[in-house]
**Student:** 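Below is a structure I'd like to ask you about.
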Amino acid sequence: MSWPYSLLFNGAFRRMDPERAHELAFSMIERAGKMPVLRDIVQGAVAPYLGQRAGGPGSVRLFGRVVPAPFGLAGGFDKNARAVRGLTMLGFGFVEIGTVTARPQPGNEKPRMWRELDVRGVRNRMGFNNEGAAAAADQLRALRRTAAGRAIVVGANIGKSKVTPPEDAAADYATSARLLAPWADYLVVNVSSPNTPGLRDLQATESLRPILQAVRAAADEANATVSTGAGRRVPLLVKIAPDLADADVDAVADLVLELGLDGVVAVNTTIGHDRGPGGLSGPPLLGRGIEVVARLRKRLGTGPVIIGVGGITRADDVRAYLRAGADLTQGYTSFVYEGPLWASRINRALTRSAGSTASGRLE
Ligand SMILES: Cc1cc2nc3c(=O)[nH]c(=O)nc-3n(C[C@H](O)[C@H](O)[C@H](O)COP(=O)(O)O)c2cc1C
C-alpha cells in the first residue's frame with residue numbers, strides 16, 4: 001500500500017461500512033471516467049501501456065482482440081457496467097462487468113460485505129445485486145458508441161436470477177446472453193457464486209451442459225440479428241469455484257472440450273473458511289487459484305483460454321498464474337487495500353518485463 005492511500009484507508013475507508021466505502025470509491029471512478037480531459041490525462045500518466053492498442057510488450061492476443069495488459073478487473077466490482085471508462089483509466093487491461101442477471105434484483109439483506117483485515121481479505125454475500133441484463137446492455141451499447149469505448153476489452157459475467165428455479169436456469173442465463181452478446185468481447189457463465197442458493201450445484205456437468213448450450217445458442221442468435229454483432233461468435237467461458245474437488249475441476253474441463261467452449265475463469269470466492277457467512281476472497285485464495293489453473297491447463301491442453309483470478313496482490317502473483325497456464329488474470333479484493341493505482345503498478349511491471357512469462361499468447 002502506498003503511503004498516501006494508506007493514510008486514506010486507515011483514516012477514512014477502514015472506519016466506514018465496507019459496502020458504503022465501495023459505493024463511494026465506485027462513484028468517484030465512474031464520475032472521473034465521464035470527464036474526458038481528466039480521464040485522458042490520468043490514463044496517459046498511470047497507464048501509458050494502454051495506448052499500445054496494436055500490441056506492445058506484455059499485451060495478449062485473445063478473443064480476436066489485443067488485450068493491452070494481462071491484468072484486468074474481476075467480476076463483481078462493476079455489476080452494472082457503469083464505470084468501464086473510469087476503471088480503464090486506472091490501468092486495468094480489461095474489465096469484466098457483472099454478475100448480471102436476467103431480472104433486476106436487490107441482492108441479499110445488508111450487511112453483506114466485510115473486511116477481513118488480518119488476511120487483507122474480503123468476505124461477501126452480496127447475492128448478485130444488479131439492475132438486470134437490459135440495463136447493463138444499455139450501458140455497454142453507449143460505451144460502444146465511441147472509438148475509445150470500443151477499444152476496451154469488456155467481458156460480461158452472467159448469473160441466474162434468484163427467483164428463477166434451477167430447472168429454468170438455462171432460459172434465464174440465455175436471456176442475459178441474448179442481451180449482452182452483441183456488446184461483449186466475451187461472456188462468462190457464472191455458476192460459482194456461493195451467495196445464490198443452489199447456484200454452485202449448476203457446476204455439476206449434467207446441469208451445466210444445457211445451460212452452456214442454451215447460452216451459446218442465444219448468443220449466436222443475437223449476434224446474427226443485431227447489426228453490431230454481424231455474425232460474430234462471442235467467446236464463452238465458465239467461472240468455477242475454488243472449492244470444487246479436483247475430479248470436478250477435471251469434469252468441467254472435459255465439458256469445455258466437449259462443447260467447444262472458449263475457456264474457464266478460475267476462481268471465485270471460497271466457502272472454505274470459518275469467518276461467518278459469505279465467500280472469502282483475497283490472498284488466502286492465491287494457492288488454490290494457481291493450483292486450479294495448473295490443473296485446468298493440463299487437462300485442457302493449449303486451446304481454451306484460462307483467466308486466472310484469486311488472491312492477486314502484486315505482479316509476481318500474476319506471473320505465478322501465467323506460469324501455471326493462465327492467459328490473462330484478474331483481481332478485485334486487493335484493490336480495496338492497495339488503492340487506485342493498484343492495477344497500474346501491476347501492469348506497468350508486467351508490460352516492462354514481458355517475455356519472462358510462459359504464456360504462448362503473450363506478445
Ligand atoms: C464484494 C465482492 C463481490 C463479488 N461479486 C462477484 C460477482 O458478482 N460475480 C463474480 O463472478 N465474482 C464476484 N466476486 C468474485 C471475484 O470476481 C473474484 O473471483 C474473487 O474475489 C477472487 O479474486 P480476488 O481475490 O482478487 O478478489 C466478488 C468478489 C467480491 C470481493
Side-chain angles (χ1 to χ4, degrees), residues 17-23 25-26 71-81 92 94-101 105 107-108 110-116 119-131 133 136 155-162 173 176 186-196 199-200 202-203 237-243 264-273 275 277-290 292-293 307-314 317-318 320-321 326 328-338 342-343 346:
D17 165 70
E19 187 168 350
R20 183 76 205 98
H22 168 81
E23 282 165 1
F26 184 88
F71 182 63
L73 181 69
F77 190 89
D78 186 0
K79 289 183 187 276
N80 303 304
F92 289 97
F94 62 107
V95 175
E96 189 171 307
I97 63 101
T99 292
V100 172
T101 56
Q105 56 182 40
N108 291 327
K110 298 178 184 175
R112 53 191 183 178
M113 191 195 285
W114 300 268
R115 295 185 197 95
E116 299 289 347
V119 292
R120 293 169 75 82
V122 166
R123 182 161 52 82
N124 91 86
R125 52 152 192 196
M126 303 299 287
F128 295 162
N129 53 306
N130 79 106
E131 294 162 10
N157 177 316
I158 58 178
K160 184 183 77 64
S161 310
K162 188 175 181 185
Y173 278 96
S176 298
Y186 67 93
L187 289 178
V188 179
V189 170
N190 180 7
V191 280
S192 47
S193 165
N195 303 315
T196 295
L199 191 87
R200 286 169 314 131
L202 302 177
Q203 289 173 112
L237 290 79
V238 58
K239 183 165 179 179
I240 63 172
D243 308 317
V264 183
V265 181
V267 291
N268 214 314
T269 60
T270 178
I271 54 162
H273 63 87
R275 292 167 176 265
L280 180 67
S281 55
L285 276 178
L286 184 66
R288 178 64 182 158
I290 291 169
V292 170
V293 166
I307 301 182
V309 50
I312 291 173
T313 306
R314 60 190 98 244
D317 302 334
V318 171
Y321 268 106
L328 291 174
T329 58
Q330 300 172 323
Y332 180 153
T333 298
S334 292
F335 202 6
V336 175
Y337 294 92
E338 298 291 323
W342 176 51
I346 290 182

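Residue indices begin at 1 and follow the sequence shown. Read the numbers this way: they start at 1 and go in the same order the structure lists the ligands and their atoms.
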**Student:** When only distance counts, is V309 in polar contact with ligand 1, meaning an N/O pair under 3.5 Å?
**Tutor:**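 No; every N/O pair is 3.5 Å or more apart.
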
**Student:** Counting non-hydrogen protein atoms only, what is the nearest one to atom 26 (O) of ligand 1? Give residue, atom name and distance.
**Tutor:**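 Ranking protein heavy atoms by distance from atom 26 (O) of ligand 1, first comes Y332 N, 3.0 Å.
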
**Student:** Atom 15 (C) of ligand 1: which protein heavy atom is closest, and how many Å away?
**Tutor:**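 The closest one turns out to be N268 OD1, 3.4 Å.
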
**Student:** Of all the atoms in ligand 1, which lie at a distance below 4.0 Å from a heavy atom belonging to V122?
**Tutor:**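 Contacts of ligand 1 toward V122, numbered from 1: 31 (C).
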
**Student:** Judged by atom type as modelled, is there a donor-acceptor pair below 3.5 Å linking the side chain of N80 to the main-chain atoms of E131?
**Tutor:**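 Yes.
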
**Student:** Quick test: of every protein heavy atom, which one is nearest to atom 21 (O) of ligand 1, and how far off is it to 0.1 Å?
**Tutor:**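 Of the protein heavy atoms, S281 CB, 3.2 Å lies nearest.
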
**Student:** Counting each atom of ligand 1 from 1 as listed, which ones have a heavy atom of G311 under 4.0 Å away?
**Tutor:**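 Those atoms are 24 (P), 25 (O), 26 (O).
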
**Student:** State whether the side chain of T270 and the backbone N or O of D243 hold a donor-acceptor pair below 3.5 Å, judged by distance alone.
**Tutor:**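 Side chain of T270 to backbone of D243, a donor-acceptor pair under 3.5 Å: no, none is there.
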
**Student:** Pick from L73, V265, T329: which one makes a side chain to side chain contact (heavy atoms under 4.5 Å, CB included) with V309?
**Tutor:**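 When L73, V265, T329 are each tested with V309, the side chain to side chain contact (heavy atoms under 4.5 Å, CB included) holds only for V265.
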
**Student:** Give yes or no for whether the N/O distance cutoff of 3.5 Å, strictly under, is met between G282 and ligand 1.
**Tutor:**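 Yes: some nitrogen or oxygen of G282 is under 3.5 Å from one in ligand 1.
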
**Student:** Give me the residue, atom name and distance of the protein heavy atom closest to atom 27 (O) of ligand 1.
**Tutor:**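 Ranking protein heavy atoms by distance from atom 27 (O) of ligand 1, first comes T333 OG1, 2.6 Å.
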
**Student:** So do R200 and N268 actually touch side chain to side chain, heavy atoms under 4.5 Å?
**Tutor:**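 N268 vs R200: side chains apart.
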
**Student:** Are any side-chain N or O atoms of Y173 and backbone N or O atoms of N190, one a donor and one an acceptor, separated by less than 3.5 Å?
**Tutor:**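 Such a contact is found between Y173 side chain and N190 backbone.
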
**Student:** Closest non-hydrogen protein atom to atom 8 (O) of ligand 1, residue and atom name please, with distance?
**Tutor:**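 Going atom by atom, the protein heavy atom closest to atom 8 (O) of ligand 1 ends up being K79 NZ, 2.9 Å.
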
**Student:** As a check for students: among A74, G278, G76, identify the option with a heavy atom nearest to atom 6 (C) of ligand 1.
**Tutor:**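 Ranked by closest heavy atom to atom 6 (C) of ligand 1, first place is G76.
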
**Student:** Return the option from N129, V189, T99 holding the heavy atom at the smallest distance from atom 9 (N) of ligand 1.
**Tutor:**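 Of the listed residues, T99 has the closest heavy atom.
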
**Student:** Just distances here: any N/O of K239 and N/O of ligand 1 closer than 3.5 Å?
**Tutor:**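 It does: an N or O of K239 is found under 3.5 Å from an N or O of ligand 1.
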
**Student:** Hey, which of I158, D78, V188 is the one that makes side chain to side chain contact (heavy atoms under 4.5 Å, CB included) with I97?
**Tutor:**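 Answer after filtering I158, D78, V188: D78.
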
**Student:** List every atom of ligand 1 that sits less than 4.0 Å from any heavy atom of N124, numbering the atoms from 1 in the order shown and giving each element.
**Tutor:**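 In order of numbering, the contacting atoms are 1 (C), 2 (C), 3 (C), 29 (C), 30 (C), 31 (C).
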
**Student:** Should G75 be counted as touching ligand 1, given the test is an N or O pair under 3.5 Å?
**Tutor:**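 Yes, at least one N or O pair falls under 3.5 Å.
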
**Student:** Among T313, I312, V119, whose side chain to side chain contact (heavy atoms under 4.5 Å, CB included) with P283 holds?
**Tutor:**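 Only one of T313, I312, V119 forms a side chain to side chain contact (heavy atoms under 4.5 Å, CB included) with P283, namely T313.
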
**Student:** Output yes when a side-chain donor or acceptor of N130 lies under 3.5 Å from a complementary backbone atom of F128, and no otherwise.
**Tutor:**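 Side chain of N130 to backbone of F128: a pair is present.
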
**Student:** How long is the span from the CG atom in N195 to the CZ atom in R112, to the nearest 0.5 Å?
**Tutor:**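 Spacing of CG (N195) from CZ (R112) equals 10.5 Å.
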
**Student:** Heavy atom of S334 under 4.0 Å from ligand 1?
**Tutor:**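 No, S334 has no heavy atoms under 4.0 Å from ligand 1.
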
**Student:** At a 4.0 Å threshold, what atoms of ligand 1 neighbour a non-hydrogen atom of N190?
**Tutor:**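 Result: 9 (N), 10 (C), 11 (O).
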
**Student:** Which of the numbered atoms in ligand 1 are below 4.0 angstrom from a heavy atom of G331?
**Tutor:**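 Within the 4.0 Å cut-off of G331, ligand 1 contributes 26 (O).
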
**Student:** Would you check if the side chain of H273 reaches a backbone N or O of G278 as a donor-acceptor pair within less than 3.5 Å?
**Tutor:**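 Confirmed, H273 side chain pairs with G278 backbone.
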
**Student:** N157 versus ligand 1: do any nitrogen or oxygen atoms come within less than 3.5 Å of each other?
**Tutor:**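 Yes, there is a polar N/O contact under 3.5 Å.
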
**Student:** Looking only at protein heavy atoms, which one is nearest to atom 22 (C) of ligand 1, and how far off is it?
**Tutor:**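 Going atom by atom, the protein heavy atom closest to atom 22 (C) of ligand 1 ends up being L285 CD1, 3.5 Å.
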
**Student:** Are the side chain of R125 and the backbone N or O of P277 linked by a donor-acceptor pair below 3.5 Å?
**Tutor:**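 Answer holds: no.
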
**Student:** Who's closest to atom 19 (O) of ligand 1 heavy-atom-wise, of T313, V267, T269?
**Tutor:**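 Closest candidate by heavy-atom distance is V267.
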
**Student:** Counting distance only, does the side-chain N/O of E338 pair as donor-acceptor with the main-chain N or O of R314 below 3.5 Å?
**Tutor:**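 Flag not set: sc E338 to bb R314 has no pair under 3.5 Å.
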
**Student:** Which of the numbered atoms in ligand 1 are under 4.0 angstrom from any heavy atom belonging to M113?
**Tutor:**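 Near M113, the atoms of ligand 1 are 1 (C).
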
**Student:** Determine the interplanar angle of the Y332 and F77 rings, folded into 0 to 90°, and report it as parallel if under 30°, tilted if 30 to 60°, perpendicular if over 60°.
**Tutor:**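 Because their plane-to-plane angle is over 60°, the rings of Y332 and F77 count as perpendicular.
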
